[in-house]
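Reading through the C-alpha cells given below for one structure.
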Amino acid sequence: MGLSYDSSKFNLVPIHRYPELINQTIKLINEEWPRSIGARLHSLQSSKDTLPTCLVLINSSKTNDEIKCEHTVLAHLKLTPIPSIPLACFIESVVVWKELRGQGIGRYLMNKAEDYCKCHLKCRQIYLSTIDKEEFYKKLGYEPCEPISIFGGPCNIPFRPVTKKKYMRKILVEDTQKED
C-alpha cells in the first residue's frame with residue numbers, strides 16, 4: 001500500500017529532543033491504551049539518545065508567516081534495551097492515530113525506526129510482541145520467535161504464561177562471522 005501523505009514532510013524524531021510534542025503523544029498513546037497522564041509523562045521523559053528511546057513520527061508544516069514550523073504527531077513507538085541480548089532492542093507501544101491507519105503510516109514508521117535502530121543505536125536485531133498485528137509485521141520481514149524477557153534474563157521458565165502475545169524478531173544486520 002502506498003503512502004497517502006507527502007512523506008517528504010515526515011520526520012522520525014526522539015521525543016526528548018521535542019518536549020513540546022509530549023502532550024500530543026500522551027493523547028495518542030492514551031487513545032489506544034488509557035493510563036494516567038503522570039505514568040505516560042514519566043515514560044516519555046525517560047527517553048534519551050541511548051535506550052530507552054521514544055520516537056515520534058511527525059508531519060511538519062509551515063505556518064502562515066512561513067517562519068515558524070508546526071509539528072503534528074502522527075505515530076509513536078518506544079525502543080527498550082534487552083539486557084540479555086546486547087545488540088538488540090525491543091519495540092513496544094507502536095501506535096498510529098486511528099483516523100490515519102490503513103494509509104501506510106505504520107509501515108513508514110517501522111521502516112524509519114529500523115533505520116534508526118541500525119544507524120544510531122547499532123542494533124543488529126529487533127524484537128517485538130503483538131496480539132493482533134502479526135500479519136502486518138510479517139509483511140515487514142518479522143518472523144515468529146520464542147518469547148524473550150526485556151527485564152534481564154532469558155524467558156526459560158518451565159511453563160508459558162497464558163498470553164495471546166506473539167513474539168517476533170527481525171534481523172537488521174547479518175552476523176558475518178563464520179564458525180570454524
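Here the structure is a predicted model, which is why all the values come from computation and not from measurement.
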When every non-hydrogen atom of Ser47 is compared with those of Cys54, the smallest separation belongs to OG-N, 3.0 Å
**NZ/Lys170: more than 12 non-hydrogen atoms of other groups inside 6.0 Å** = yes
| Between Ile82 and Ser84, is a side chain to side chain contact (heavy atoms under 4.5 Å, CB included) present by the stated rule, with each step listed? | CA-CA 6 Å; Ile82 305 171; Ser84 61; 3.8 Å; yes
message: Using only atom types and a distance under 3.5 Å, with no angle test, would you say the side chain of Gln24 pairs donor to acceptor with the backbone of His71?
response: yes
When rounded to the nearest 0.5 Å, the distance separating NZ of Lys122 from SG of Cys117 is 11.5 Å
| request: Could you tell me whether Arg101 and Glu32 have a side-chain N and a carboxylate O separated by less than 4.0 Å? | output: yes
### Task
Please examine the side chains of Gln45 and Pro19, heavy atoms only from C-beta on, and report whether any two atoms are closer than 4.5 Å.
no
Checklist entry - Same hydrophobic cluster for Leu140 and Leu109, using side-chain heavy-atom links shorter than 4.5 Å among ILVMFWY? => result yes
Residues passing the ring-ring contact (aromatic ring centres under 6.0 Å, His included) test with Phe90, sequence neighbours excluded, are none
Smallest heavy-atom separation, Leu28 atom then Val96 atom, equals CD1-C, 3.8 Å
Exercise. Do Asp49 and His16 get their side chains close enough for a donor-acceptor pair, meaning under 3.5 Å?
Worked result: yes
Should we say atom CD of Glu31 is surrounded by more than 12 heavy atoms from elsewhere, each under 6.0 Å from it?
-> yes
CD1 (Ile37) and CG (Asn23) are apart, to the nearest 0.5 Å, by 8.0 Å
Looking only at heavy atoms, the pair that brings Tyr142 and Met168 closest together is O-CE, 3.7 Å
Inset, instruction - Would you indicate whether the side-chain heavy atoms of Val56 and Tyr18 approach each other to under 4.5 Å? - result: no
* **Worked check of side chain to side chain contact (heavy atoms under 4.5 Å, CB included) between Arg35 and Asn30** => CA-CA 6 Å; Arg35 213 168 148 202; Asn30 276 352; 3.8 Å; yes
Ile150 and Pro83 have their tightest heavy-atom pair at O-CD, 3.6 Å
Below 4.5 Å, heavy atoms only, C-beta onward: do Tyr116 and Leu79 meet side chain to side chain?
yes
To the nearest 0.5 Å, atom CD1 of Ile85 lies from atom OH of Tyr127 at 3.5 Å
- Do the side chain of Ser129 and the main chain of Lys166 share a donor and acceptor less than 3.5 angstrom apart? no
Walk me through whether Phe136 and Met110 qualify under side chain to side chain contact (heavy atoms under 4.5 Å, CB included). CA-CA 11 Å; Phe136 169 75; Met110 291 299 293; 4.2 Å; yes
Exercise for the section: Decide, yes or no, whether a salt bridge links Lys164 with Asp132 under the criterion of side-chain N to carboxylate O below 4.0 Å. Expected result: no
Here the salt bridge (Lys or Arg N to Asp or Glu O under 4.0 Å) pairs for residues 77-98, sequence neighbours left out, are none
Query raised in the report: Should Trp33 and Ile22 be regarded as members of a common hydrophobic cluster, given that ILVMFWY residues are connected when their side-chain heavy atoms come within less than 4.5 Å of each other, either directly or indirectly?
Result: yes
Rounding to 0.5 Å, atoms CG (Leu172) and CD (Glu114) come to a distance of 6.0 Å
Are Ile171 and Tyr167 linked, directly or through other ILVMFWY residues, by side chains that come within less than 4.5 angstrom of each other? no
_Same apolar cluster (I L V M F W Y, side chains within < 4.5 Å links), Leu41/Ile29_ = yes
d(Glu135 CD, Thr130 OG1) to nearest 0.5 Å is 10.5 Å
Heavy-atom nearest pair, Trp97 first then Lys27, reads CH2-C, 3.8 Å
Check your understanding: Yes or no on side chain to side chain contact (heavy atoms under 4.5 Å, CB included) for His76 and Leu44, after CA distance, side-chain angles and deciding distance?
Key -> CA-CA 10 Å; His76 165 272; Leu44 293 170; 3.8 Å; yes
key: Ser7 side chain vs Phe10 backbone, donor-acceptor pair below 3.5 Å   = no
Between Ile91 and Leu128, the two heavy atoms sitting closest are O-CB, 3.6 Å
Evaluate the side-chain proximity of Lys165 to Ile131: yes if any heavy-atom separation is below 4.5 Å, no if none is. yes
Separation between CD1 (Ile15) and OG1 (Thr53), nearest 0.5 Å, reads 11.5 Å
